[in-house]
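Report on the following structure.
Naming convention: chains lettered A, B, ... in sequence-line order (proteins, then strands); numbering from 1 in each chain. Since the model is a prediction, treat every value here as computed from it, not as a measurement.
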Protein chains: 2
Amino acid sequence: MREGPDIARIASLVGDPARANMLNALMGGTALTASELALEAGVSLPTASSHLSKLMEGGLLTLASQGRHRYYGLAGPQVAGMIEAITGVAEAVGPKRVRPGPRDGAMRVARVCYDHLAGEQAVAMLDRLVARDILLRDDQEIRLGPSAASHFSAIGIDVGAKPRRPVCRACLDWSVRRSHLAGTLGAAILDKILAEKWARREKDSRAVVFSPPGKQAFERVFLA
Amino acid sequence: MREGPDIARIASLVGDPARANMLNALMGGTALTASELALEAGVSLPTASSHLSKLMEGGLLTLASQGRHRYYGLAGPQVAGMIEAITGVAEAVGPKRVRPGPRDGAMRVARVCYDHLAGEQAVAMLDRLVARDILLRDDQEIRLGPSAASHFSAIGIDVGAKPRRPVCRACLDWSVRRSHLAGTLGAAILDKILAEKWARREKDSRAVVFSPPGKQAFERVFLA
DNA sequence: CGCATAGTTCGGTCTCCATCGAAGCATTCT
DNA sequence: AGAATGCTTCGATGGAGACCGAACTATGCG
């Protein structure tokens with residue numbers, strides 16, 4: 001019988017299938033309304049609402065009210081990281097699907113992780129940016145290198161304005177088991193990729209699929 | 001309604017207080033018997049046994065039978081990492097204890113994480129070993145540097161024999177939010193620390209407390 | 001062989017909580 | 001103001017599972 005942080009409380013919040021589906025959906029990064037989440041989880045609206053208030057009370061979600069809409073989102077990167085960790089274990093011990101579906105492979109290559117890009121592409125990108133000294137890495141902490149400002153502004157990303165939230169952060173990838181780039185810069189890069197239509201988001205999935213020319217453009221800019 | 005790895009199943013295993021206590025106890029690294037775990041969790045033996053078989057079925061534990069004793073242990077570093085991640089969130093969102101107890105501080109300084117050392121001391125150690133090029137770090141992957149063999153054999157740790165399991169691994173520390181050293185080398189160093197009596201394990205806790213001379217010795221060897 | 005210890009299985013009880021329909025509140029549109 | 005939409009609260013129901021005592025199995029000891 002020990003005290004310490006109440007891990008059972010947090011885990012049991014994730015431990016209900018309906019709530020797990022909601023959290024999974026929110027891993028897509030965009031905040032969703034209660035009705036969307038109800039649909040996602042396959043439960044009625046009242047049930048979803050009850051789950052959402054529990055998740056709120058547990059501190060796993062944030063709420064942004066806009067008019068008559070109420071948008072729920074993940075509370076932060078730490079929560080996203082925890083879900084990735086659980087996903088990793090579930091993946092490892094779970095029933096090995098004999099033939100991984102095509103979407104499964106797409107998820108490994110590139111997917112949305114909270115608000116930034118994850119998967120093989122994202123890991124390769126961070127490696128390359130560090131190798132070129134555009135970013136300076138010190139364990140979990142990532143700082144901007146001297147050439148970062150000019151490099152990113154050339155492609156329309158402003159790293160000058162320093163928001164409170166760290167610009168860069170390392171985030172552990174559950175499929176590759178190596179870090180990729182999170183933080184506002186990671187988010188900005190994902191925005192860029194989608195805005196330029198280099199890639200599109202798979203419907204109802206976290207997968208991100210690059211078009212052939214989009215992939216070339218991405219590699220030219222980030223993997224050169 | 002999505003498919004994917006069944007994260008609710010895994011999370012709900014951790015989500016029961018009795019099972020969470022058991023897992024927490026096993027984070028100490030040593031395998032324990034069913035009766036010890038029952039005591040730890042504060043439940044009767046039959047109840048504990050039922051929980052243990054669920055955890056086994058879920059793939060979170062391994063079992064080693066020795067005579068009439070059956071030792072349960074964590075299934076691997078990935079499971080340990082997941083529990084650390086959940087602990088981190090619970091710590092962050094949980095009710096902030098007004099005055100953190102003394103043991104709480106000790107846990108931050110040094111504690112056992114599965115089979116190796118974690119906490120400020122451990123993070124500092126890895127930083128220093130990398131700075132001295134004794135270990136070479138590449139994201140989550142850590143390799144031995146040229147001087148590693150001689151450095152470690154001088155203090156009685158053999159890094160020559162290459163077991164299947166990686167010698168070194170980075171492991172994210174929930175209190176410091178930076179990596180520390182895991183893998184067989186991390187485990188060997190913890191063994192060394194305890195064998196030399198530089199530190200002792202706090203009873204019924206993961207905390208590791210250094211004696212004043214022990215701390216000096218540790219710093220001389222690893223933080224020089 | 002009997003006895004003791006370690007552990008699992010069984011059967012039954014009880015509590016918790018996920019679920020939904022119906023009703024209530026709030027915001028926006030007309 | 002009135003209607004419509006988005007969401008929460010209430011109340012009732014049902015099912016899952018955590019729990020324990022007792023019986024059962026297995027290993028070790030004298």
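Here A/Ala18 lies in heavy-atom contact (under 4.0 Å) with sugar-phosphate atoms only. Within the 4.0 angstrom heavy-atom criterion, no nucleotide atom of any strand lies near A/Tyr71.
Between B/Arg70 and C/dT8 there is a side-chain N or O to OP1 or OP2 distance below 4.0 Å. Checking the phosphate oxygens (OP1, OP2) of C/dT8, a side-chain nitrogen or oxygen of B/Tyr72 falls inside 4.0 Å. Residue B/His51 places at least one side-chain N or O under 4.0 Å from the OP1 or OP2 atom of D/dC19. Here B/Lys54 does not reach the OP1 or OP2 of D/dG17: none of its side-chain N or O atoms lies under 4.0 Å away.
Taking the six-membered ring where tryptophan is involved, the planes of A/Trp198 and A/Phe218 are perpendicular, since the angle between them exceeds 60° and thus also 30°.
A 6.0 Å sphere centred on CD of A/Glu196 holds more than 12 heavy atoms belonging to other residues, nucleotides or ligands.
Each of C/dC20, D/dC7, C/dG7 was ranked by its minimum atom distance to the side chain of A/Thr33; first place goes to D/dC7.
Checked against side chain to side chain contact (heavy atoms under 4.5 Å, CB included), B/Val112 has the following partners two or more places apart in sequence or in another chain: B/Leu190, B/Arg201, B/Val208.
The existence of a salt bridge linking A/Lys215 and A/Glu120 is excluded, since no basic side-chain nitrogen approaches an acidic carboxylate oxygen closer than 4.0 Å. Using a cut-off of 4.0 Å between Lys/Arg side-chain N and Asp/Glu carboxylate O, B/Glu91 and B/Arg108 are scored as salt-bridged.
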Anything under 3.5 Å between a protein N or O and an N or O of nucleotides 9-15 of chain C, put it in a table, one pair a line.
none

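Axis orientation changes by 20° from one end of the helix from C/dC1-D/dG30 to C/dT30-D/dA1 to the other, with each end axis drawn from 5 pairs and the value rounded to 10°.
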